[in-house]
Asks: 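One structure, pasted below without further comment.
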Amino acid sequence: MERIVIAWDETIPAVSFAAAKLREALEKRGATVAGISLSALAETDASIRIALTVAQEGDAALAAEGYTIRMERGDGVALCRVTGADPAGAMYGGLDVADSINAGTSVVNLLNKSSKPHIAGRGIKFNLPLDARTPSYSDNGDSAQHNIPEMWSMDFWKEFLDDMALYRYNALSLWNLHPFPSMVRVPEYPDIALSDVKRTTVPIQASLMGTDMSTEKTLASLETVRVMSIEEKVDFWREVMQHAKNRNIEVFIITWNMFTYGTEGNSYGISCAQDNETTVDYFRASVRALLDSYPLLAGIGVTAGENMKHGEPLANEDWLWRTYGEGVMDIKRKDPSRKIRFIHRAHQSALSTIDRAFAAYPDTFDYSYKYSLAHMYSSAHPPFIYQTSGYKELEGSFLTELPEGRKTWLTVRDDDYYYFRWGDPTFARQYILNMPPAEQLAGFYMGPDGVVWGREFVSTEPDTPRQSIIRKRWYSFMLWGRLAYEPTLPDSCFERQLAFRFPEAPSHALLEAWSAASRILPLVTTFHWEENHLDFQWYPEACYSNPRIAKGFHTVEHFINDAPMPGSGLMSIPDYCAHLSGNRALDGITPERVAQDLREYAERALQLAGGIDPGDDKQLRLTLGDLRAMAYLGRYYAAKISGALQLCLFRQTDDPSCQAQAVAHLRSASEHWQDYVAQTVSQYVPQQLTRQGWNVVDIAALQARVDEDIAIAENA
């Protein structure tokens, strides 16, 4: 049995975290492990040693958060020396060694390596349902109401933050419409602070702009899920932020504006009127109190919408400067050494207007851009940030109008997968490498608006406690975080991690099956696009959109009429039909090719997944179930696109064989949907989704709409 010592500075929490993961990995491999101080390293008689060190201050050889791994051998001793540019780098280097050990590499066989982050800011966008009285943008969905108690659970946050660090994330953005009443007591407005944590027992029917999230009806139907004073709440979030700091994660609070949830019935005169000077003073005091209460808060962010005026160009930005900007300046006047990063979303505001309003901001000032609109799982090279039409407020493209010296965060919205476990390293790597250059890019944060990435509440076989989303979708989170830090990591690295997680499964087959299944929805969404393809306009797991303001179920007619994503190189169905009739040149990937690719992805996933026996491993069994569900959905979309193509051809040519083929394809699509439903409902229950109207999205109930496509073709 190997005896190994790990030496590190126990006063550095981030490095201690890596040392603990190293010990865990080594002990699983049967080693006897001892921890010692760095000063005791020279005296130990162990022949195998690992030292986690931080470079001397001023050492310019390493980039921030970078590290080296060096093997030193001699006199019968093998020393693995991990040197980080800073505590974060030492932590990441130690975790790298732990990953290698988990993958089967012994310490003595480790290779020398140098690494540094490819993207500086690697973050999570987390809509934070603090309380029914201070809701996030996701609170009119089931997952938000279920997760309100979890937001006040230290066990949840420690698990979540630890996993973020494992996967190399360093930024957590917490989004709420108006968080102040649940997070601080504002000295000038003390009665606004909310005691206890509450959720509502009645459905929320909010607008897509965040209004009506808290109403007389919901406020009259509150239940207390945790008893806490405002002082205890402040202590709680201080502990969360301390744990985040210990894992090299900066915490940001980002708001939509302007909302005053939690102040209902106040005696101060606070309202949502933008010209209300009391409201201006209240917001400024709230920002000041927030920053005063949380010295570890790295920064704040704002949106000039969804509930602001859009008249005079500077009206919104003046208000934001007088409230958030001046609130920060109040703190800076008291403590000039404190650095507070500001993030301003480039949403419903022109960059030049923002830049003028915040010209006096003294610290780092960044923008934020909705990079793939609401669908990160579409094109690996979304074009919008480079197009003049990317935002209507811009005359040029976003990047050409980005003020000199400023950088942007990319808001990378995942409103594609609310159930299934995605995982394709090739797509993630391409997406990351296609992001704007470092001189314009502060980083990215990814996450949904349609659900909350807390704990899952839709499994038919729930764990106790419920599994966190970051644990359920560990492979996806690992791919995005690890590749954002080091995009040159080969697929073999992730194959080894799959072998570690699921030792009973053939890892190469699992990686290939997972990748094939995960390529289906990105191709479908890129092909079936429309202008401003937002979350409420397309939910690909259900072929659905918000029926109150969008299409509801997307029929074969929609697949004919909706064009692919601009710049994707995909041809629309009408354009391809025009080519077949001799009226248009062939200038892209055809719908036939798209349908064929979808079939091939689906068949590959089903073939490989079918050859894997999960045994008694519940997580592997459920993962394989997700892959089968995605494959059945791929079969459905392939048949639907083929049916749409033949229906379009029939309408152009009046050829009855085209109509017959359309009907046949759409009947096949119906059968594939039945397979999809059977697999999905075996693992998940339907849920009300924030952006999809006020009803539950039930894929089984959509079978009737699927079958209506057949009637459309038959009656054409």
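In this chain, numbering begins with 1 at the start of the sequence shown.
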Asks: I'd like to know if Asp292 and Lys334 make a salt bridge, using a cut-off of under 4.0 Å between side-chain N and carboxylate O.
Replies: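 Counted as a salt bridge, because a side-chain N and a carboxylate O are separated by less than 4.0 Å.
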Asks: Can you check whether Met446 reaches Lys125 side chain to side chain, under 4.5 Å on heavy atoms?
Replies: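 No - every pair of side-chain heavy atoms lies 4.5 Å or more apart.
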Asks: Do Ser545 side-chain atoms and Trp538 backbone N/O form a donor-acceptor pair below 3.5 Å?
Replies: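 Checking the backbone N and O of Trp538 against the side chain of Ser545, no donor-acceptor pair under 3.5 Å is found.
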Asks: Only one of Leu410, Asp414, Thr411 clears side-chain contact (heavy atoms from CB on, under 4.5 Å) with Met376; which?
Replies: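 Only one option passes, and that is Asp414.
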Asks: Is there a donor-acceptor contact under 3.5 Å linking the side chains of Thr323 and Trp321?
Replies: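 Distance-only check fails for Thr323 and Trp321.
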Asks: Give a yes or no on whether a salt bridge exists between Asp366 and Lys407, defined as a side-chain N under 4.0 angstrom from a carboxylate O.
Replies: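 No, no charged N to carboxylate O under 4.0 Å.
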Asks: Taking Asn546 for its side chain and Arg691 for its backbone only, find out whether a donor-acceptor pair lies under 3.5 Å.
Replies: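 Flag set: sc Asn546 to bb Arg691 pair under 3.5 Å.
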Asks: Would you say the side chain of Arg413 lies within less than 4.5 Å of the side chain of Leu373, judging by non-hydrogen atoms?
Replies: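 They are not in side-chain contact.
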Asks: Would a 4.5 Å heavy-atom cut-off, applied to side chains only, mark Trp319 and Met258 as touching?
Replies: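 Yes, side chains in contact.
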Asks: Given Tyr445, which partner from the list Tyr371, Trp409, Trp453 fulfils the ring pair (Phe, Tyr, Trp, His ring centres under 6.0 Å) test?
Replies: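 Option passing the ring pair (Phe, Tyr, Trp, His ring centres under 6.0 Å) with Tyr445: Trp409.
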Asks: Should Glu277 and Arg322 be marked as a salt bridge (Lys or Arg N to Asp or Glu O under 4.0 Å) after you check the CA-CA gap, both sets of side-chain angles, and the distance that decides it?
Replies: CA-CA 10 Å; Glu277 289 299 318; Arg322 293 183 63 204; 2.6 Å; yes
Asks: Measure the acute angle between the ring planes of Trp474 and Trp514, then classify it against the limits of 30° and 60° as parallel, tilted or perpendicular.
Replies: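 Ring orientation of Trp474 relative to Trp514: perpendicular.
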Asks: Would you please say whether a donor-acceptor pair under 3.5 Å links the side chains of Ser349 and Thr353?
Replies: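 Not at all, the side chains of Ser349 and Thr353 share no donor-acceptor pair under 3.5 Å.
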Asks: Take atom NZ of Lys116 as the centre, draw a 6.0 Å sphere, and report whether it contains more than 12 heavy atoms from other residues, nucleotides or ligands.
Replies: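 For Lys116, atom NZ is not crowded (no more than 12 foreign heavy atoms under 6.0 Å).
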Asks: Would Arg356 and Asp318 satisfy salt bridge (Lys or Arg N to Asp or Glu O under 4.0 Å), going step by step from the backbone distance to the final call?
Replies: CA-CA 10 Å; Arg356 288 198 304 272; Asp318 279 344; over 6 Å; no
Asks: Find out whether Glu65 and Asn248 are in side-chain contact, i.e. whether some heavy atom of one side chain is under 4.5 Å from a heavy atom of the other.
Replies: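 Contact flag for Glu65/Asn248 side chains = yes.
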Asks: Centroid-to-centroid, His344 to Phe358, below 6.0 Å?
Replies: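 Centroid distance His344-Phe358: below 6.0 Å, so yes.
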Asks: Could you check if a side-chain atom of His528 sits within less than 4.5 angstrom of a side-chain atom of Ile641, using non-hydrogen atoms only?
Replies: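 No, their side chains stay 4.5 Å or more apart.
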Asks: Check whether the side chains of Glu530 and His558 place a donor and an acceptor atom closer than 3.5 Å, and report yes or no.
Replies: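 No.
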Asks: Hey, would you say the Phe342 and Phe365 ring centroids sit under 6.0 Å apart?
Replies: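 Yes; Phe365 has its ring centre under 6.0 Å from that of Phe342.
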Asks: Please check: side-chain N/O of Gln440 versus main-chain N/O of Thr400, any donor-acceptor pairing under 3.5 Å?
Replies: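 No; judged by distance alone, with no hydrogens or angles, the pair does not exist.
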Asks: Given 3.5 Å as the limit, does a donor-acceptor pair link the side chain of Arg122 with the main chain of Ala120, or not?
Replies: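 Indeed, once roles are kept as given, a pair shorter than 3.5 Å links the two residues.
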Asks: Are the aromatic rings of Tyr282 and His178 close, with centres under 6.0 Å apart?
Replies: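 Between Tyr282 and His178, the centre distance is under 6.0 Å.
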Asks: Does the side chain of Asp535 come under 3.5 Å of the side chain of Gln692 through a donor N or O and an acceptor N or O?
Replies: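 Checked: Asp535/Gln692 side chains show no N/O donor-acceptor pair below 3.5 Å.
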Asks: Describe, in one word, how the ring planes of Phe283 and Tyr324 are oriented to each other, choosing from parallel (under 30°), tilted (30 to 60°) and perpendicular (over 60°).
Replies: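 If you compare the ring of Phe283 with that of Tyr324, the planes turn out tilted.
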Asks: Test: side chain to side chain donor-acceptor pair (under 3.5 Å). Region: residues 479-490. Which pairs qualify, not counting sequence neighbours?
Replies: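 Matches after skipping sequence neighbours: Asp99-Arg482, Lys113-Glu486, Ser115-Glu486, Tyr377-Trp480.
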Asks: Assess the residue pair Arg284 and Asp281 against the criterion (salt bridge (Lys or Arg N to Asp or Glu O under 4.0 Å)); give the C-alpha distance rounded to whole Å, side-chain angles, the decisive distance to 0.1 Å, and a yes or no.
Replies: CA-CA 5 Å; Arg284 178 175 177 173; Asp281 183 71; over 6 Å; no
Asks: Just wondering, are more than 12 heavy atoms of other shown residues or ligands nearer than 6.0 Å to CZ in Arg406?
Replies: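 Yes.
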Asks: Are there over 12 heavy-atom neighbours, none belonging to Lys245, within less than 6.0 Å of that residue's NZ?
Replies: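 Check fails, neighbour count at 12 or below.
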Asks: Hey, are Asp363 and Arg338 close enough for a salt bridge, meaning a charged N less than 4.0 Å from a carboxylate O?
Replies: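 No.
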Asks: Looking only at side chains, do Ser138 and Asn127 share a donor and an acceptor under 3.5 Å apart?
Replies: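 Judged by distance alone, the side chains do pair up.
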Asks: Could you tell me if Ser352 and Asp355 have a donor-acceptor pair between their side chains, going purely by distance under 3.5 Å?
Replies: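 Short answer, no.
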Asks: Assess whether side-chain contact (heavy atoms from CB on, under 4.5 Å) is satisfied between Tyr367 and Leu402, documenting all intermediate values.
Replies: CA-CA 9 Å; Tyr367 293 94; Leu402 189 65; 3.6 Å; yes
